[in-house]
Amino acid sequence: MTDSWVRALRDRIDGEVDADDRRRAEYSSDASNYRVVPAAVVYPRGDDDVARALWAAREEGLPVTARGGGTSVAGNAIGSGLILDFSRHMNGVLAMDPEQRCARVQPGLVLSELQRVAGRHGLRLGPDPSTQNRCTLGGMLGNNACGPRAVAWGRTSDTVHELRILDGTGSERRLGSDLSALPGLPEFTRRHLATLRTELGRFERQASGYGLHYLTPERGSSIARAFVGSEGTCGLILDATVELVPVPRATAVAVLGYPDMPTAADDVKAVMAGHPIAVEGLDARLVDVVRAHGRAVPELPAGGAWLFVEFAGESTEFARDSAASVARSCGALDSRIVTDPAVAARLWRIRADGAGLAGRTPAGEPAWPGWEDAAVPPERLGDYLRDFDRLMHEYRVDGLLYGHIGDGCIHVRLDLPIADAPQRFRDFLYAATDLVVRHGGSASGEHGDGRARSELLARMYSPAALRVFAEFKTLFDPDDALNPGVLVRPEPVDARLRLAGVGPVPAVGGFAFGADGDIGAAVHRCVGVGKCRADTRAAGGFMCPSYLATADEKDSTRGRARVLQEVVRGALDWRDEAVAQSLDLCLSCRACSSDCPAGVDMATYKSETLYRAYQGRPRPMDHYVLGQLPRWLAVGTRVPRIVNALTGNRRLRSWGMRLAGMDPRRPAPRLAPRSFRRQWASRDRDLHRDGPVAMLWIDSFTDAFAPEIGWAAVELIESAGYRVRIPQRRVCCGLTWISTGQLDGARKRLRAGLEALDEHIRAGGPVIGLEPSCTAVLRSDLIELLPDDPRAAPTARAVRTLAEFLVEQPGWQPPDRSGETVVVQPHCHQHAVLGFDADLALLRRTGATITEINGCCGLAGNFGMQAGHYDISVAVAENGLLPALRSADPETPLLADGFSCRTQAEQLAGRRGLHLARYLTGR
């Protein structure tokens with residue numbers, strides 16, 4: 001594909017066309033094990049763009065693959081030609097008819113948005129996959145998605161009334177229940193009725209292959225429903241009319257405990273007799289992983305596996321009685337009935353995060369999709385699970401089981417030997433397919449076949465059925481232009497694997513990557529679950545603040561991980577411009593390290609990449625200024641009046657900030673008249689001379705800009721009966737060096753900090769941090785940057801936030817703030833590394849009413865100060881901080897422990913923030 005062809009396509013359509021290396025890398029994979037680098041990515045704005053892009057691709061001989069949220073685990077949203085991403089522009093609700101209970105939608109619409117719009121009318125779409133806050137309707141139609149409540153409301157195919165598509169020739173077709181809408185289809189159906197009736201539709205979750213049983217008269221002769229699940233191989237969806245169901249007035253969940261998952265599956269008939277709307281199963285080992293990730297898990301009944309069985313009714317009492325009736329009549333060991341919506345939501349959150357949290361086995365090995373969602377008739381599920389357990393032992397693989405027990409569909413990610421033993425990988429998939437066929441099942445129960453299972457269709461179906469599949473695709477796409485290699489004429493299951501050819505990445509003195517071994521394995525933690533693409537603006541969220549501002553895949557954790565995966569495989573260089581573009585808008589907020597179910601830590605990967613890219617090379621000026629800021633603050637605190645006078649001069653400040661690579665629209669924070677350390681040197685009293693010693697880590701920001709925070713903290717620590725000490729020499733955690741990839745400089749400062757704390761740590765004393773980002777470095781980065789220093793781990797264990805320290809003190813009570821309201825902005829690093837529970841617990845003990853801002857402030861250390869980032873920084877603040885401040889009373893205090901959070905609030909909203917220490921002391 002030539003540059004001139006790309007330019008010509010750009011001229012022909014209203015949407016965007018992108019063929020640079022970075023963009024192609026971002027779209028080289030979905031949530032599967034596969035990697036196919038496309039020729040270009042197109043973002044169509046409407047029907048005409050789709051048609052013109054398809055015709056242009058046909059002229060060039062390029063295949064076309066449709067894509068929505070890119071959450072496919074089967075590899076059916078990637079291709080070597082044009083990728084059409086419908087999620088950017090073609091993402092609206094075109095019509096809503098509450099009386100007829102239907103909606104007409106575009107393919108790029110995210111399911112949660114449809115649910116929000118339909119919810120205004122008391123309606124919803126029935127299918128609800130766990131990725132509902134980022135998967136699109138087009139993807140759901142392509143894979144015939146289901147979700148927990150399919151037992152009551154069916155699969156996506158059961159909701160479809162009409163589809164408007166472009167077939168592979170570029171012809172527009174309207175698909176409903178009239179087979180004549182596609183020439184040759186009525187004859188095709190009559191000719192193959194025997195095959196359609198005997199080999200397809202044998203049980204509800206037989207999702208592998210095409211859903212051609214819907215063409216039969218007894219199934220309604222619906223071409224629209226037969227099209228669903230065709231995985232983009234038969235047409236490009238322009239819009240779809242889907243049927244909606246009423247939102248239940250009330251629900252209740254029966255949580256049923258069993259010894260194990262097979263025993264739970266044996267009980268499915270008794271459970272289904274109560275007509276639940278959802279029946280989900282979870283293995284105890286998965287729940288253990290949830291707990292290990294710090295997720296809140298409600299109290300569960302006794303057992304080694306659980307069924308979450310949801311009932312709906314006109315009243316809570318009716319739903320509760322239905323749940324209680326099944327709990328009494330089933331064979332569970334123990335049970336609990338949940339009617340509190342908040343508790344029920346936490347239960348379902350365990351299930352929703354299952355796909356990502358199951359990305360590691362209990363032994364810590366990476367686990368992959370590939371045998372992701374096999375299904376058997378529910379009455380055979382228990383026996384199948386016992387046989388599957390024996391098969392896993394035979395092939396030496398392990399994984400965490402969960403899934404739609406009521407439908408006979410089981411999800412599992414396994415530590416498949418994709419890279420080191422490809423033949424064992426193939427052999428296992430074939431053996432697993434043969435096992436599921438023996439139980440009358442399907443290799444795919446809802447996620448499609450894609451590249452992961454299309455080759456396996458020959459083990460499931462007769463040669464006659466495979467010929468019928470090929471003929472059906474030809475009716476729509478005679479030239480095989482749409483998503484070739486999927487379902488029909490499939491590629492081998494072990495072709496184009498993302499991990500193939502990726503060897504260990506030699507260390508160069510950066511991070512240790514102790515949990516992964518090297519950065520190559522670390523960046524491959526991203527399996528494409530896509531939680532970083534979730535639109536959390538309504539519900540709040542910290543992860544990927546730049547993506548929330550731009551809605552561009554390049555600004556998602558997944559998009560950045562895909563680019564770095566190309567780097568570690570050698571397709572891109574560390575110094576490549578594509579890499580710099582990918583990481584430029586990463587705020588290093590670290591939220592992905594806690595919020596991504598796979599544990600992707602893009603802030604660390606960015607720092608490591610900058611370290612490698614600039615080794616032996618001059619750095620940008622802001623790396624020397626902002627990246628070494630504590631060094632300049634140490635000088636500035638000696639002459640604060642002079643510094644403030646210079647930075648207060650508008651012309652000088654503007655010129656200086658441009659020279660330093662910073663945005664001149666940013667005011668420069670003013671230095672305190674006397675730094676904390678200078679004030680401490682003249683301190684003439686010491687309370688509790690015989691009490692235990694607490695070491696207060698005076699970070700550069702507190703020291704230079706806000707010494708009053710340090711003094712408030714001293715007062716609080718002393719009120720708990722401790723003597724307060726600070727390191728005798730000036731210390732620094734190296735945060736700004738880390739964020740700019742100057743890791744050698746960070747290590748130097750961390751070693752100096754260890755020396756300053758060594759005697760105190762050996763005596764068993766706590767170290768209390770005030771600035772969340774600096775405290776987080778001492779808690780986590782310290783070990784990764786100095787893994788061989790025996791002092792690192794004990795120091796990290798001794799580090800506490802102020803709130804953590806205070807809540808640990810028996811008998812200590814905070815002041816009474818009853819009747820007050822506070823707005824609280826947690827720092828991103830505290831959210832990700834340290835946790836905010838202690839702060840919330842402490843604030844609740846004061847009696848204050850708390851409004852918590854659930855999102856990044858947008859300044860994020862040096863990010864918002866750098867030239868070119870100001871507008872994004874403001875846009876991020878508009879997702880949480882600024883709306884919260886506008887809606888709050890101007891007299892309501894803003895609590896923000898982070899210096900960057902307080903700076904952002906003051907500069908953008910004129911609101912001065914308080915550190916927790918100052919709020920508790922009233923200083």
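All residue numbers refer to positions in the sequence shown, counting from 1. Everything quoted here is computed from the prediction, not taken from an experiment. What's counted below: heavy atoms across the whole structure, side chains too, no hydrogens, waters or symmetry copies.
Across all their heavy atoms, Asp20 and Gln581 have their closest contact at OD2-OE1, 4.4 Å. Scanning both residues, Ala25 and Glu566, for their nearest heavy atoms gives CB-CG, 3.6 Å. The two residues Ile853 and Pro826 make their nearest non-hydrogen contact at O-CD, 3.1 Å. The two residues Pro640 and Pro673 make their nearest non-hydrogen contact at CG-O, 3.2 Å. Of all heavy-atom pairs between Ala917 and Ala713, the closest is CB-N, 3.8 Å. Scanning all heavy atoms of the two residues, the minimum distance from Thr736 to Ser739 falls at O-OG, 3.1 Å.
Between Cys732 atom SG and Gln628 atom CD the span is 10.5 Å, to the nearest 0.5 Å. The structure places OG1 of Thr795 at 7.5 Å from CG of Asp758, a figure rounded to the nearest 0.5 Å. Atoms CZ and CD1, from Arg677 and Ile726 in turn, are 4.0 Å apart once rounded to the nearest 0.5 Å. A distance of 10.5 Å separates OH in Tyr870 from CG in Leu859, rounded to the nearest 0.5 Å. With values rounded to the nearest 0.5 angstrom, Ser582 atom OG is found 11.0 Å from Glu577 atom CD. Rounding to the nearest 0.5 angstrom, the gap separating the CG atom in Asn862 from the CG atom in Leu587 is 9.5 Å.
Considering only heavy atoms from C-beta on, Val767 comes within 4.5 Å of Ile761 through its side chain. Within the 4.5 Å cutoff, side-chain heavy atoms of Trp680 are placed close to those of Val724. Proximity of Ile768 to Ile717: side-chain heavy atoms (C-beta onward) are separated by under 4.5 Å at one or more points. A 4.5 Å side-chain heavy-atom check between Arg911 and Arg902 finds every atom pair outside the cut-off. The shortest distance between side-chain heavy atoms of Tyr624 and Thr740 does not fall below 4.5 Å. Side chains of His829 and Leu834 form no contact here, defined as non-hydrogen atoms less than 4.5 Å apart. Val731 is not listed as a side-chain neighbour of Asp699, based on a closest heavy-atom distance of 4.5 Å or more. Side-chain contact between Asp663 and Met865: absent, with no pair of heavy atoms (C-beta onward) separated by less than 4.5 Å.
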* To do: Take His831 and Phe836 through the test ring-ring contact (aromatic ring centres under 6.0 Å, His included) and record every step on the way to the result.
  => CA-CA 6 Å; His831 165 81; Phe836 202 65; 8.9 Å; no
* Asked: Passes side-chain contact (heavy atoms from CB on, under 4.5 Å), Val17 versus Tyr43? Steps please.
  -> CA-CA 6 Å; Val17 182; Tyr43 303 93; over 6 Å; no
* Steps toward side-chain hydrogen bond (donor to acceptor under 3.5 Å, both in side chains) verdict (Gln904, Ser873) -> CA-CA 9 Å; Gln904 184 82 317; Ser873 177; 3.0 Å; yes
* To do: Go through the steps for Leu659 and Val625 under the test side-chain contact (heavy atoms from CB on, under 4.5 Å), then give the verdict.
  => CA-CA 10 Å; Leu659 183 65; Val625 179; over 6 Å; no
* Derivation and outcome, salt bridge (charged side-chain N to carboxylate O under 4.0 Å, His left out), residues Arg575 and Asp573 -> CA-CA 5 Å; Arg575 300 177 178 181; Asp573 188 83; 5.1 Å; no
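A distance below 6.0 Å separates the ring centres of Phe863 and His869. Ring centers of His623 and Tyr614: under 6.0 Å apart, within the cut-off.
Here Glu878 pairs with Arg886 in a salt bridge; the nearest charged N to carboxylate O distance falls below 4.0 Å. By the 4.0 Å N-to-carboxylate-O rule, Arg791 lies close enough to Asp789 to be salt-bridged with it. With respect to the salt-bridge test (charged N to carboxylate O, under 4.0 angstrom), the residues Asp555 and Arg560 qualify. For Arg751 and Glu755, the salt-bridge test fails: no basic side-chain N is under 4.0 Å from an acidic carboxylate O. Note on Asp744 versus Arg747: salt bridge recorded, some NZ/NE/NH1/NH2 to OD/OE distance being below 4.0 Å. Salt bridge annotation for Asp871-Arg665: present, with a cationic side-chain nitrogen under 4.0 angstrom from a carboxylate oxygen. Ionic pairing of Asp595 and Arg590 is not present here: no N-O contact between side-chain nitrogen and carboxylate oxygen is shorter than 4.0 angstrom. Salt bridge Arg24/Asp21: present, at least one basic N to carboxylate O contact under 4.0 Å.
At least one donor-acceptor pair under 3.5 Å links the side chain of Asn644 to the backbone N or O of Leu671. For Ser780 (side chain) and Val777 (main-chain N/O), no donor-acceptor pair under 3.5 Å exists by modelled atom type. The backbone N or O of His827 lies less than 3.5 Å from no partner atom in the side chain of Asp897, so there is not a single donor-acceptor pair. With Gln679 contributing its side chain and Arg674 its backbone, the two residues share a donor-acceptor pair below 3.5 Å. In this structure, the side chain of Arg23 does not engage the main chain of Val41 through any donor-acceptor pair within 3.5 Å. Using modelled atom types, one side-chain atom of Ser546 and one backbone atom of Leu585 make a donor-acceptor pair closer than 3.5 Å. No donor-acceptor distance shorter than 3.5 angstrom exists from the side chain of Glu852 to the backbone of Gln825, with no hydrogens or angles considered. Not one N or O on the side chain of Ser607 forms a donor-acceptor pair closer than 3.5 Å with the backbone of Ala603. A donor-acceptor pair is defined here as one N or O able to donate and one able to accept, closer than 3.5 Å; no such pair exists between the side chain of Ser654 and the backbone of Arg651. Listed for the Thr702 side chain is no donor-acceptor partner under 3.5 Å among the backbone atoms of Ile698.
The aromatic rings of Phe701 and Phe705 lie parallel to each other, with less than 30° between the two planes, well short of the 60° mark. The aromatic rings of Phe513 and Tyr605 sit tilted, their planes meeting at an angle between 30° and 60°. Taking the six-membered ring for Trp and thresholds of 30 and 60 degrees, Phe676 and Trp711 have ring planes inclined between 30 and 60 degrees apart.
Remark: the Tyr547 side chain and the Asp552 side chain contain no N/O donor-acceptor pair separated by less than 3.5 Å. Between the side chains of Arg533 and Thr557, not a single donor N or O lies within less than 3.5 Å of an accepting N or O. No side-chain N or O of Glu708 forms a donor-acceptor pair with one of His915 less than 3.5 Å apart. A donor-acceptor pair shorter than 3.5 Å cannot be found between the side chains of Asp703 and Ser700. Defined by atom type and a distance below 3.5 Å, a donor-acceptor pair is present between the side-chain atoms of Asp601 and Thr604. Side-chain polar atoms of Thr801 and Gln830 form no donor-acceptor pair below 3.5 angstrom.
Crowding of Ile642 atom CD1: a count of heavy atoms from other residues, nucleotides or ligands under 6.0 Å not exceeding 12. Atom CZ of Arg617 has more than 12 heavy atoms from other residues, nucleotides or ligands within 6.0 Å.
Just one residue in the list Arg562, Arg22, Arg558 forms a salt bridge (Lys or Arg N to Asp or Glu O under 4.0 Å) with Glu553, and that residue is Arg558.
Judged by the 6.0 Å and 45° rule, Arg800 forms no cation-pi pair with Phe805.
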